[in-house]
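This is a predicted model, so every value here is computed, not measured. Every number for a ligand or one of its atoms is a count from 1 in the order of the listing.
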Amino acid sequence: MLQDDVGRAAEALRAASRVVAFTGAGVSAESGLATFRGAGGLWEGARVEDVASPDAFTADPVRVWRFYDQRRANAAKVRPNPAHMVLAAWQERFSAFTLVTQNVDGLHQGAGSRGVVELHGSLWRVRCTGCGREREDRTAPLPELPPRCAACGAIERPGVVWFGEALPADGIVAAEAAVEACEVLVVVGTSAVVYPAAGLVGVAAAAGATVIEVNPEASALAHLAGVTLRGPAGAMLPQVDALLVGG
Ligand code: BJW
Ligand code: ZN
């Protein structure tokens, strides 16, 4: 029974002080942002694996920038949904709460989450391919594609992590430390197929944490979940939170 699963999730969380939430594109789906995989998850007929790559950018930086400029424009228009809001509230509810996200849309921060570990970068940062200078830029759409570095004139790139690129070292270190120490890992809206991020779920499970999966579909790591909430995050997380608030 779904209601029993919500109750079991709340029970696990009520007993915990060290909690990690690990989120993916599905947490922003109810805000109106497309996920990567599944229906509607294609980019110009190609798989994300084939286009979110340094090679794709080298081959056609304007094409790749058009994709990211559109994503920035979409993300600038939408608002955090109840799932983002519950996760933001949980930073006050638990004595140690870490929010680790694969998302680049900034909606967790928009909901009030602080210290978010962004494993795949951010749509709102751009980095120079020449001198490496990084800056925040919230203009959407950008006036010129590709944008150019004011310091050296080289092409700038989106400040995101593409396939074949290393994740930010401080981010992965912080995420691993948090999942190794947590009692509950709440995995929300990710297909859990992209590594090394998805590996965090196995680390938590091996360390004895209870894994709660919140996803309308089974992820690739659904078998590691001790509690499964098969529904949209914007509906499921507020139900769990209501039980926590209620006692
Ligand atoms: C809902 C919902 C609702 C819907 N509520 N849920 C080990 C094994 C195999 C391969 C590898 C490995 N280690 C590394 C690799 C290679 C590669 C990889 O993982 N490939 C696999 C795909 C095979 N990994 C890498 O290349 C990584 N780098 C690396 O390993 O570097 C090594 C290195 C070391 C040192 C020096 C140099 C290199 C980098 C990975 C970067 C991923 N980047 C992207 C793009 C970011 C920028 C952008 O946004 O454009 O990150 S790809 C894309 O996938 C994006 C996402 O963050 C990531 C994960 O996707 P996510 O979030 O799970 O989304 P979906 O669409 O897949 O799933 C959505 C889910 O939501 C679904 O389950 C729905 O059911 C659900 N949902 N509505 C709740 N309402
Ligand atoms: Zn530069």
Below a 4.0 angstrom heavy-atom separation, can you tell me which part of [X], side chain or backbone, both or neither, approaches ligand 1?
X    : result
Y68  : side chain
L119 : neither
E165 : backbone
R37  : both

Tell me, which protein residue and heavy-atom name are nearest [atom], and how many Å apart are they?
atom                    : result
atom 24 (N) of ligand 1 : Y195 O, 2.8 Å
atom 43 (N) of ligand 1 : V161 O, 2.8 Å
atom 4 (C) of ligand 1  : G26 CA, 4.0 Å
atom 72 (C) of ligand 1 : N215 ND2, 3.9 Å

> At the 4.0 Å heavy-atom cut-off, does M236 count as touching ligand 1?
Replying inline: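 It does not; every heavy atom stays at 4.0 Å or beyond.
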
>> Regarding atom 26 (O) of ligand 1: of the candidates G189, G164, S53, which has the closest heavy atom?
In response: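 Closest candidate by heavy-atom distance is G164.
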
> Which of these, V187, V160, V48, has its nearest heavy atom closest to atom 47 (C) of ligand 1?
Replying inline: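 Heavy atom nearest to atom 47 (C) of ligand 1 belongs to V160.
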
> Do T129 side-chain atoms and E156 backbone N/O form a donor-acceptor pair below 3.5 Å?
Replying inline: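 A pair under 3.5 Å: no.
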
